[in-house]
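Below: the structure, in structure tokens.
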Amino acid sequence: MVSSILFLMKKWMISIGVLCLMGALYVLPVLGLSERREEVQPPTVDEKACEIFIEVEGQQEKIPLETYITGVVAAEMPVSFKKEALKAQAIAARTYALKTTNYGKKAIAPTVAKQVFYDESQRKANWASNFLGNEKKIVEAINETKGQVLLYNNDLITAMFHSTSNGQTESAYGYSGNNIPYLQSVASISDQTSPKFEAEQEWSLAQWNKLWPIQWQVSDFNRIQLFYNDSGRVERLQLGNNVWTGREVRTFLGIPSTDFSIVYNGNTRKVQVKTQGYGHGVGMSQYGAEAMANEGKTAAEILHYYYQDIEIKKIDGCLK
């Protein structure tokens with residue numbers, strides 16, 4: 001009797017053990033799957049998916065932002081300049097491009113009125129056998145500043161730049177009558193070493209008169225009145241009842257700067273115009289940036305000098 005009871009108990013225990021083992025085997029895969037799910041990392045953002053493209057007028061396809069900036073720096077600044085000057089140019093050009101195109105939503109012209117741009121074929125033609133070395137130098141400057149822009153109150157600035165000042169940069173107010181806090185006039189004395197600092201052009205009286213909406217007489221050159229602004233540039237020219245702004249005169253004559261003087265040379269019978277500076281004079285002077293780089297200044301120091309109270313930050317293309 002006892003042996004029968006023991007036999008039944010043993011059989012019952014074996015059955016329970018088998019059921020437990022089967023349950024464990026059933027649950028293990030589920031536990032394993034649960035653990036594997038915990039190890040899965042959330043997908044990372046692909047930088048390529050956030051890349052900004054720039055539409056350049058005359059180019060068939062849109063161009064990745066940093067590729068575009070490579071073409072701008074190559075066109076706008078001599079490749080012989082120090083890398084810190086090139087880096088300052090890259091940051092200014094990137095800021096200007098994004099501001100002008102609204103982060104790639106509008107096209108930009110590859111002209112001096114906006115930003116000159118050279119594609120790779122143009123750079124190869126310009127640099128010939130020096131292409132590889134020059135391209136490497138430019139690309140390094142771009143890569144070391146990738147995504148960096150200039151901000152004022154968290155907004156992109158209008159990062160104007162020019163070749164050579166007359167020793168003093170022009171303020172936004174002096175240029176357009178609009179006061180912009182970060183575009184103030186600053187000294188840039190080293191620009192006097194620029195090969196573009198001074199220029200002289202001359203015309204016969206007949207040639208001169210073709211450029212103006214009025215006809216000049218020789219005696220008129222003794223009646224010219226030039227009014228200068230705080231940066232030493234011509235604010236307006238007055239001849240009798242006729243008044244033109246310095247910018248209008250620059251456009252009429254096609255001269256490099258609004259810092260000019262006009263005389264009529266009776267010996268040669270030519271009108272002579274002398275200028276100082278090259279460009280509108282607002283914002284960063286490129287030759288001034290090169291002079292600062294030669295003094296050991298960094299790109300950030302150059303930019304903070306020419307653009308007041310700005311910040312240098314890296315943009316996130318995915319937020320635009």
Side-chain angles (χ1 to χ4, degrees), residues 75-78 80-81 109-116 126 160-177 185-291:
E76 288 282 4
M77 183 173 272
S80 60
F81 277 16
T111 63
V112 292
K114 297 297 181 181
Q115 293 188 138
V116 183
N126 291 340
M160 297 176 72
F161 53 86
H162 59 281
S163 168
T164 305
S165 79
N166 65 346
Q168 186 84 15
T169 68
E170 178 69 285
S171 66
Y173 182 81
Y175 178 72
S176 65
S185 180
V186 299
S188 196
I189 303 299
S190 56
D191 287 28
Q192 295 178 16
T193 62
S194 165
K196 298 182 177 181
F197 181 70
E198 290 184 317
E200 182 175 339
Q201 293 174 248
E202 61 179 21
W203 299 262
S204 68
L205 186 59
Q207 292 170 328
W208 177 264
N209 280 328
K210 289 180 180 179
L211 305 174
W212 290 82
I214 66 166
Q215 293 297 294
W216 290 61
Q217 305 298 320
V218 171
S219 59
D220 289 333
F221 293 94
N222 294 322
R223 301 192 302 120
I224 293 175
Q225 290 180 284
L226 297 178
F227 298 86
Y228 294 87
N229 64 17
D230 292 340
S231 71
R233 293 170 174 83
V234 174
E235 186 175 282
R236 68 185 188 277
L237 180 156
Q238 186 166 344
L239 178 62
N241 294 325
N242 297 294
V243 179
W244 298 278
T245 67
R247 289 176 63 185
E248 287 175 326
V249 175
R250 183 187 176 204
T251 300
F252 290 159
L253 304 180
I255 54 179
S257 167
T258 54
D259 181 349
F260 59 81
S261 61
I262 301 174
V263 297
Y264 181 79
N265 188 322
N267 295 324
T268 62
R269 296 183 179 181
K270 294 288 182 69
V271 183
Q272 296 175 331
V273 175
K274 293 182 179 180
T275 56
Q276 289 192 337
Y278 194 99
H280 51 62
V282 185
M284 185 181 72
S285 162
Q286 293 169 320
Y287 274 88
E290 169 69 351

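Numbers for residues simply follow the sequence, beginning at 1. None of these values were measured; they are calculated from a predicted model.
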TODO: Nearest 0.5 Å please: distance from the CH2 atom of Trp208 over to the CD atom of Gln201.
DONE: 10.0 Å
Task: Short side-chain to backbone donor-acceptor contact, Ser185 and Ser171, under 3.5 Å - done: no
TODO: If the plane angle is over 60° it's perpendicular, under 30° parallel, otherwise tilted; pick one for Trp244 and Trp216.
DONE: parallel
TODO: Just do the side chain to side chain contact (heavy atoms under 4.5 Å, CB included) check on Leu239 and Arg223 with the steps written out, would you?
DONE: CA-CA 6 Å; Leu239 178 62; Arg223 301 192 302 120; 3.8 Å; yes
- [ ] Calculate, to the nearest 0.5 Å, the distance between atoms CD and NZ belonging to Glu202 and Lys274 respectively.
- [x] 11.0 Å
Open item on the list: For Val116, is there any backbone N or O sitting under 3.5 Å from a side-chain donor or acceptor partner on Glu76?
Closed with: yes
TODO: Using a 4.5 Å cut-off on heavy atoms from C-beta on, say whether the side chain of Ile262 contacts that of Leu237.
DONE: yes
TODO: Measure across Gln207 and Leu211 and return the closest heavy-atom pair with its distance rounded to 0.1 Å.
DONE: O-CG, 3.6 Å
Task: Closest non-hydrogen atom pair between Glu290 and Ser80, with its separation - done: OE2-O, 4.3 Å
TODO: Would you confirm whether Arg250, through its side chain, and Pro256, through its main-chain N or O, come within 3.5 Å as a donor-acceptor pair?
DONE: yes
Open item on the list: Is it the case that the side chains of Ser231 and Arg233 hold a donor-acceptor pair, with the cut-off being a distance below 3.5 Å and no angle test?
Closed with: yes
Open item on the list: Less than 4.5 Å apart, side chain to side chain, heavy atoms only: is that true for Thr258 and Tyr228?
Closed with: no
Task: Residue pair Gln276 / Asp191, side-chain donor-acceptor N/O under 3.5 Å - done: no
Task: Point-to-point distance, once rounded to the nearest 0.5 Å, from CD of Glu198 to CG of Asp259 - done: 9.5 Å
Task: Donor-acceptor contact below 3.5 Å, side chain Thr164 vs main chain Gly277 - done: no
Open item on the list: For Trp212 and Val249: C-alpha separation, side-chain torsions, deciding distance, then whether side chain to side chain contact (heavy atoms under 4.5 Å, CB included) applies.
Closed with: CA-CA 9 Å; Trp212 290 82; Val249 175; 4.0 Å; yes
- [ ] Measure the OG-CD1 distance between Ser165 and Ile189 for me, rounded to the nearest 0.5 Å.
- [x] 7.5 Å
TODO: Indicate yes or no: at least one non-hydrogen side-chain atom of Tyr287 is less than 4.5 angstrom from one of Pro78.
DONE: yes
Task: Exceeds 12 heavy-atom contacts within 6.0 angstrom, atom OH of Tyr173 - done: no
Open item on the list: If I compare all heavy atoms of Gln238 with all of Val243, which pair ends up nearest, and what's the gap?
Closed with: CG-CG2, 3.8 Å
TODO: Over all heavy atoms of both residues, which pair between Asn265 and Asn267 is shortest? Give the atoms and the distance, please.
DONE: OD1-N, 2.9 Å
TODO: Would you indicate whether Lys270, at its atom NZ, is surrounded by more than 12 heavy atoms from other residues, nucleotides or ligands within a distance under 6.0 Å?
DONE: yes
Task: Contact list for residues 267-286, test ring-ring contact (aromatic ring centres under 6.0 Å, His included), sequence neighbours left out - done: His162-His280, Tyr175-His280
Task: CZ-OG distance between Phe197 and Ser190, expressed to the nearest 0.5 angstrom - done: 10.5 Å
Open item on the list: Minimum heavy-atom separation for Thr268 and Gln272, please, with both atom names.
Closed with: OG1-NE2, 4.4 Å
- [ ] Would you check if Tyr264 and Asp220 make a side-chain contact, meaning some heavy-atom pair closer than 4.5 Å?
- [x] no
Task: Greater than 12 external heavy atoms within 6.0 Å of Gln225's CD - done: yes
Open item on the list: Ignoring hydrogens, what is the shortest heavy-atom contact between Ser188 and Gly288? Give both atom names and the distance.
Closed with: OG-CA, 4.0 Å
- [ ] Could you tell me the separation between the CD atom of Glu200 and the CD1 atom of Ile255, rounded to the nearest 0.5 Å?
- [x] 12.0 Å
Open item on the list: In the structure I gave you, are the side-chain heavy atoms of Val273 and Leu253 within less than 4.5 Å of one another anywhere?
Closed with: yes
